[in-house]
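Chain A is the first sequence line, chain B the second, and so forth, proteins listed ahead of strands; every chain is numbered from 1. Values below: every heavy atom of this structure, side chains too, minus hydrogens, waters and symmetry copies.
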There are 2 protein chains.
Amino acid sequence: MPSLTLRLYLDPKGRLGPGKVELLEQIAATGSISAAARAMEMSYKRAWDLVEEMKDMFGKPLVAAKTGGKHGGGAELTPVGEEVVRRFRDMERAVHEAAAPYVKALQDEADAR
Amino acid sequence: MPSLTLRLYLDPKGRLGPGKVELLEQIAATGSISAAARAMEMSYKRAWDLVEEMKDMFGKPLVAAKTGGKHGGGAELTPVGEEVVRRFRDMERAVHEAAAPYVKALQDEADAR
DNA sequence: GAGTGTTGTATCCGTATGAATATAACGAAT
DNA sequence: ATTCGTTATATTCATACGGATACAACACTC
């Protein structure tokens, strides 16, 4: 089954695609950057770099992290972070709907072998 | 000004995105793989690799190349190649339209800094 | 037949990317 | 005070990817 992915290039610079968005969702779900990284089988460094990138892209942090505490710390999405996830997923839904016939036509082209 | 790019994952495997599509257009415009590569400032090897990938993706060649001749040879798109370009660009148009409000909202989020 | 510019292909190499590793700071719980 | 798991950060290392390079085959023109 074919699929379509979107990559958004924000104005001065910075790309937002499925990877960063899924990372945000995993952070929200697990409550920590490192747990999200484990869930996505990427290094903590990479996850942290992506979070930093997003902070630069949007000028505000999308993730609020705390060090120390009962379980050593943790992270959660800021309101902006939640907003970004929601909007990106909404956009994906709208786009997949609009693109469906074209995707099918191209996949058929590939099947006709 | 923000922009949105699409990447299509065809069924067994193979990605089709803006790079390969632009390459096809440049081949059509210039009449050769190597001229297209120069126009896009990529190595001939890379261009040729991409053309091969697309042949594997679609089971049929999207580019017909000839060696020898007055100018040493040349290449043009097959009917399938032209079809793929056309459909991809059509899809992009439809998608950009559907995504516009979401793109704007996300860009505004980034501007509010 | 020589010259030409391209296709098609193989080999080598530099670099950039991310993985791995190490470590300090942190703050709550015990 | 000690323990704990996380954040935050720097440094080193390996590998994969593309770039550069080289060259044979080709067929048309002159």
Side-chain angles (χ1 to χ4, degrees), chain A residues 7 9 13-78 80-81, chain B residues 7 9 13-78 80-81:
Chain A
R7 218 156 249 109
Y9 290 70
K13 54 174 170 275
R15 299 182 307 182
L16 184 66
K20 293 202 189 87
V21 173
E22 190 190 340
L23 178 61
L24 290 179
E25 288 171 334
Q26 288 291 335
I27 290 171
T30 61
S32 94
I33 296 175
S34 59
R38 281 195 299 271
M40 293 181 66
E41 292 183 333
M42 67 172 68
S43 63
Y44 172 82
K45 175 198 188 316
R46 174 144 183 71
W48 189 83
D49 283 348
L50 293 175
V51 169
E52 278 297 287
E53 263 185 61
M54 289 189 275
K55 186 175 72 185
D56 291 345
M57 281 174 66
F58 287 94
K60 303 173 175 183
L62 307 199
V63 173
K66 291 201 227 3
T67 68
K70 183 167 59 175
H71 294 297
E76 57 180 6
L77 298 193
T78 63
V80 177
Chain B
R7 216 155 251 109
Y9 289 69
K13 53 174 171 275
R15 300 183 308 183
L16 183 66
K20 293 202 188 88
V21 172
E22 190 189 339
L23 177 62
L24 289 179
E25 288 171 333
Q26 288 291 335
I27 290 171
T30 61
S32 94
I33 295 176
S34 58
R38 282 194 299 272
M40 293 182 66
E41 292 184 331
M42 68 172 68
S43 63
Y44 173 82
K45 173 196 188 319
R46 173 145 185 69
W48 189 84
D49 283 347
L50 294 175
V51 168
E52 278 297 287
E53 261 185 62
M54 289 190 274
K55 188 175 72 182
D56 292 343
M57 280 174 66
F58 287 94
K60 304 171 173 183
L62 307 200
V63 173
K66 291 202 226 359
T67 66
K70 180 167 60 174
H71 294 298
E76 58 182 3
L77 299 193
T78 63
V80 176

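Candidate nucleotides C:dG8, D:dG19, D:dA8 were compared by shortest atom distance to the side chain of B:I33, and C:dG8 ranks first. Counting only heavy atoms from C-beta on, B:S34 has its side chain closest to C:dT6 among D:dA20, C:dT6, C:dA19. Taking the side chain of B:W48 as heavy atoms from C-beta on, and the options D:dT7, D:dG18, C:dT9, the nearest nucleotide is C:dT9. Taking only side-chain atoms of B:K45, from C-beta outward, the nucleotide of C:dG18, D:dG19, C:dA20 with the closest atom is D:dG19. Nearest nucleotide to the side chain of B:Y44, out of D:dA20, D:dT7, C:dT7: C:dT7. Taking every side-chain heavy atom of B:S32 into account, C:dT7 is the closest of D:dG19, D:dT6, C:dT7.
OP1 or OP2 of D:dC26 has not a single side-chain nitrogen or oxygen of B:T67 nearer than 4.0 Å. Contact annotation: B:R38 reaches the phosphate of C:dT6 (side-chain N/O to OP1 or OP2, under 4.0 Å).
What separates CE of A:M40 from P of C:dA19 is a distance of 11 Å, to the nearest Å. Nucleotide C:dA16 holds its P atom 17 Å from the CG atom of A:D49, rounded to whole Å. Atom-to-atom, NZ of B:K55 to C1' of C:dT7 comes out at 12 Å; the value is rounded to the nearest Å. At whole-Å resolution of the value, CG in A:L50 and P in D:dT9 are 15 Å apart. Distance, B:I27 CD1 to C:dT6 P: 13 Å, rounded to whole Å. At whole-Å resolution of the value, CZ in B:R46 and C1' in C:dG14 are 17 Å apart.
Of the two residues contacting DNA chain C, namely A:E41 and A:H71, the nearest-nucleotide position lying further toward the 5' end is that of A:E41. Annotation: of the two residues near DNA chain D, A:G69 and A:E52, the 5′-most nearest-nucleotide partner is A:G69.
Taking the side chain as every heavy atom from C-beta outward, B:I27 and B:L62 never approach each other to under 4.5 Å. With contacts defined as side-chain heavy-atom distances shorter than 4.5 Å, the pair B:M40/B:E22 qualifies. At a threshold of 4.5 Å between non-hydrogen side-chain atoms, the residues A:E76 and A:S32 do not count as touching.
Screening A:V51, A:L16, A:L77 for a side chain to side chain contact (heavy atoms under 4.5 Å, CB included) with A:L24, the sole residue that qualifies is A:L77. Of the residues A:V63, A:L50, A:I33, the one that meets the side chain to side chain contact (heavy atoms under 4.5 Å, CB included) test with A:L23 is A:L50.
Backbone-only engagement by B:K66 is indicated by non-hydrogen atom pairs under 4.0 Å involving sugar-phosphate atoms exclusively.
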